[in-house]
2 protein chains.
Amino acid sequence: MKITRMQVTPEAFPDPPLRNSSGCHEPNALRTIVQLHTDDGLVGLGETYGGSGPLDALEAVREVVEGADPWRLEPLRQQIENPRTFAAIEVACLDLIGKATGRPVCDLLGGKVRHPIEFAAYLFYKFDCDDWGEALTPAAMLEQAKRFVRDYGFRALKLKGGVLPPDEEIESIRLMRREFGPDFRLRLDPNAIWSVETSIRVTKALEGDLEYMEDPTRGQEGMAEVARSVNTPLSTNMCVVRWDQIPSAVQMHAVDVILSDHHYWGGLIASKQLAKLCQVFGLGLSIHSNSHLGISLAAMVHLASVTPHLNYACDTHYPWIKEDVIRGGKWRFTEGCLTVPDAPGLGVELDEAKLAQMAEEYVRCGLTKRDDVGSMRRFVPDWEYVNPRW
Amino acid sequence: MKITRMQVTPEAFPDPPLRNSSGCHEPNALRTIVQLHTDDGLVGLGETYGGSGPLDALEAVREVVEGADPWRLEPLRQQIENPRTFAAIEVACLDLIGKATGRPVCDLLGGKVRHPIEFAAYLFYKFDCDDWGEALTPAAMLEQAKRFVRDYGFRALKLKGGVLPPDEEIESIRLMRREFGPDFRLRLDPNAIWSVETSIRVTKALEGDLEYMEDPTRGQEGMAEVARSVNTPLSTNMCVVRWDQIPSAVQMHAVDVILSDHHYWGGLIASKQLAKLCQVFGLGLSIHSNSHLGISLAAMVHLASVTPHLNYACDTHYPWIKEDVIRGGKWRFTEGCLTVPDAPGLGVELDEAKLAQMAEEYVRCGLTKRDDVGSMRRFVPDWEYVNPRW
């Protein structure tokens, strides 16, 4: 089996004006779809971040990918030095191997140890633009949370914080705790916009209410300082996102939980290695999500199913998207969970019409990289990013 | 594909009276051969330690293995808690997957990044019993080393030390350095029989001559104390042989190099995870070997070929065995290297006649576990194990 052609398609699709500490999501989210065609007529699917950066990075490795054997991932990894670029290729290669052997990707990664896969709702303060309406108060956030619980069955809720003044975010969490009772798992992620002092104050105020506090403040030193003062575990998707950041994080006890993302860490096999490393060093593991389509979600579901050391429900941004490039429409959650596909490979196929439509949208919208600050200024013209804000 | 039958065969084969700090090898080395038969007529091969312990451990998991799908290794790993038992099963499952897909095991592990695989000679002080004769002086050890270099082309030499008084072992290394010149890589492994003081003295005396000193003294605390006083890297196959021993070793800088052994660490995939962990924490990696047959050697060769972070030539005890259970006779070294097989699976097949003959020998010899002290007393009746000896 040899890869004869790498097809790379930039995609854009509508994204609501979701708030975070850096501003607000653009009207379109961007993704890149990779199709690897082989000499025996198979097509393997991969997906990564969108815009010109990832596109250029994929183009730069075209000669390495075309002609390669999809089984021989280690030599490819050595040639594709950027782990983010490699991850998209690796997932497509695993899809190919699965299709060639008749095995779902989870079997290629050692077989399921968990099924179905539980996810956490991803709650955002937001501006109005859709049937979710505006959510810029604790009371409105509670309504959003209730709808996520009602419509999808989530029993774990992640609130993207760092948007309202900290006391209002404390109030948002407290309203949810009161509404959903003691068994719901709650998380808060202010994206490192708080000072160490504010981080300690908010975390202490919510002690016992959060399964973890995600990235309250910037940098491993700051996180370590917070960790020394609180009992709530600290998680990160910001200060430990590369292998070389692990030793110092371990040494200074900067975090308790790593939010893994196979798109960052160099693919599914590397993510399993990260999970083992976390297990060995007593770190928890969860899985990160942002605006993505159903191919990435398939990869995440397979990965979660084969990772023994996965201690928390996975994040999922997915319910916020309106449509997908995969055949049969969007993935459907049942009781907050997704089913691991049994079909060969990832178990998802492309809807070529949707692919073409989102590719047209990419050209039409003119975006080539995400700019949350610029997007925020459409709503608040003089808005500026400052850190720490509180 | 389903495993229908696990066939476990205890084997014994002649082993010379090789000395180490614990005494002397028995007249027979013991190994266990695993054959996994599947419903589609394939047979997967594995090999592990010999004697009653590993046999009993394998029998204890028979019900878990029989009926299992060889692709689904993670659920098997969870049920077979002992990593040593799991490793034998995992290698046999990988052999099956390779045979089912037409792929060599190296491709199942991500494809070769290194070829051929370089090994280090394994030099032993020894009693007479064969055409290698007695080697109980530095001069005799030099003759043994010269023969290994001449017959196999090794350019890395590991001396099993802890046998002669330390100054004679220093002299052995110096004779080799003088004979083979500055490009040969030399290692010394006294199996933790020295005090911290002796370890520091010997390592300092050989500074610049050793690529690493292996396990000079007992325990991570002792090793860390030695490490603080010397420049030569310290390696271990004794004080870091399980995952739970890693964090303290990292924290106290007890070792610089881990000698991995897939039989200890839970198989080939786990060994790749160990390699990644070593890379992340700046530890070197080498591969350990003891008395084993050609199935284990095949597994080691495939593993070495797919492990990017492998910094040293692998150990090999293999030249000391006279015969093997694999078809076509023993593996052959060229310029100290072995070729990674291209055939599906491990690329070795059983010689059923040899298998039966070594199984008869297992019954005949009556050994059920290794006893180096007892064996030593056949040569030196009042010999006792003391630690530290020097």
Side-chain angles (χ1 to χ4, degrees), chain A residues 1 68-79 90 93-94 97-98 100-115 240 242-251 253 265-267 269-283 305-310, chain B residues 1 68-79 90 93-94 97-98 100-115 240 242-251 253 265-267 269-283 305-310:
Chain A
M1 184 162 57
D69 178 338
W71 288 84
R72 298 190 174 151
L73 290 162
E74 285 293 353
L76 264 182
R77 191 191 302 274
Q78 289 189 325
Q79 290 174 86
E90 187 229 36
C93 286
L94 290 170
I97 296 170
T101 58
R103 288 284 178 160
V105 164
C106 58
D107 280 358
L108 307 181
L109 299 172
K112 293 193 287 276
V113 292
R114 159 181 310 106
H115 185 84
V240 185
R242 300 192 316 260
W243 298 101
D244 64 355
Q245 293 171 325
I246 292 176
S248 57
V250 166
Q251 202 215 324
H253 303 288
W265 286 91
I269 293 164
S271 296
K272 282 202 72 177
Q273 292 175 331
L274 175 64
K276 184 69 196 178
L277 188 153
C278 286
Q279 183 187 27
V280 169
F281 282 91
L283 295 168
S305 79
V306 300
T307 304
H309 184 74
L310 175 65
Chain B
M1 185 163 56
D69 178 337
W71 288 85
R72 297 188 175 153
L73 290 163
E74 286 292 354
L76 264 182
R77 192 191 301 275
Q78 288 189 326
Q79 291 173 86
E90 187 228 36
C93 286
L94 290 171
I97 296 170
T101 58
R103 288 283 179 160
V105 164
C106 57
D107 280 358
L108 308 180
L109 300 172
K112 292 195 288 276
V113 292
R114 151 178 320 104
H115 185 83
V240 186
R242 300 191 316 260
W243 298 101
D244 64 355
Q245 295 172 323
I246 292 177
S248 58
V250 165
Q251 202 214 324
H253 303 289
W265 287 90
I269 294 165
S271 296
K272 281 203 71 176
Q273 292 175 331
L274 175 64
K276 184 68 196 179
L277 188 153
C278 286
Q279 183 187 28
V280 169
F281 282 92
L283 295 168
S305 79
V306 300
T307 304
H309 184 73
L310 175 64

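Letters A, B, ... mirror the listed sequences (proteins, then strands); counts begin at 1. No hydrogens, no waters, no symmetry mates; every other heavy atom, side chains included, goes into these values. Keep in mind that what you see is a predicted model, and the values were worked out from it rather than measured.
- Remark: A/Q79 CD is packed, more than 12 non-hydrogen atoms of other residues, nucleotides or ligands lying under 6.0 Å away.
- In this structure, the portions of A/K272 lying under 4.5 Å from any heavy atom of chain B include both its backbone and its side chain.
- Atoms SG and CD, from A/C106 and B/E74 in turn, are 11.5 Å apart once rounded to the nearest 0.5 Å.
- Between chain A and the residues B/D69, B/V306, B/D107, the largest count of heavy-atom pairs under 4.5 Å involves B/D107.
- The contact between A/L109 and chain B is made entirely by backbone atoms, counting heavy-atom distances below 4.5 Å.
- Contacts between A/D244 and chain B at a heavy-atom distance below 4.5 Å are absent for every atom of the residue.
- Residue A/R103 touches chain B through its side chain alone, counting heavy-atom pairs closer than 4.5 Å.
- Highest contact tally toward chain A, considering only B/T307, B/I97, B/L108, is held by B/L108 [criterion: heavy-atom pairs under 4.5 Å].
- Highest contact tally toward chain B, considering only A/A270, A/G111, A/G282, A/G110, is held by A/G110 [criterion: heavy-atom pairs under 4.5 Å].
- To the nearest 0.5 Å, atoms CD (B/Q273) and CD1 (A/I269) are separated by 10.5 Å.
- Minimum interatomic distance between A/P75 and B/V113 (heavy atoms only, all atoms of both residues): N-CG1, 3.8 Å.
- Crowding of A/Q78 atom CD: a count of heavy atoms from other residues, nucleotides or ligands under 6.0 Å exceeding 12.
- Remark: A/L274 CG to B/K276 NZ distance equals 10.0 Å, nearest 0.5 Å.
- Interatomic distance, CZ of B/R72 versus NZ of A/K112, reported as 5.5 Å (0.5 Å rounding).
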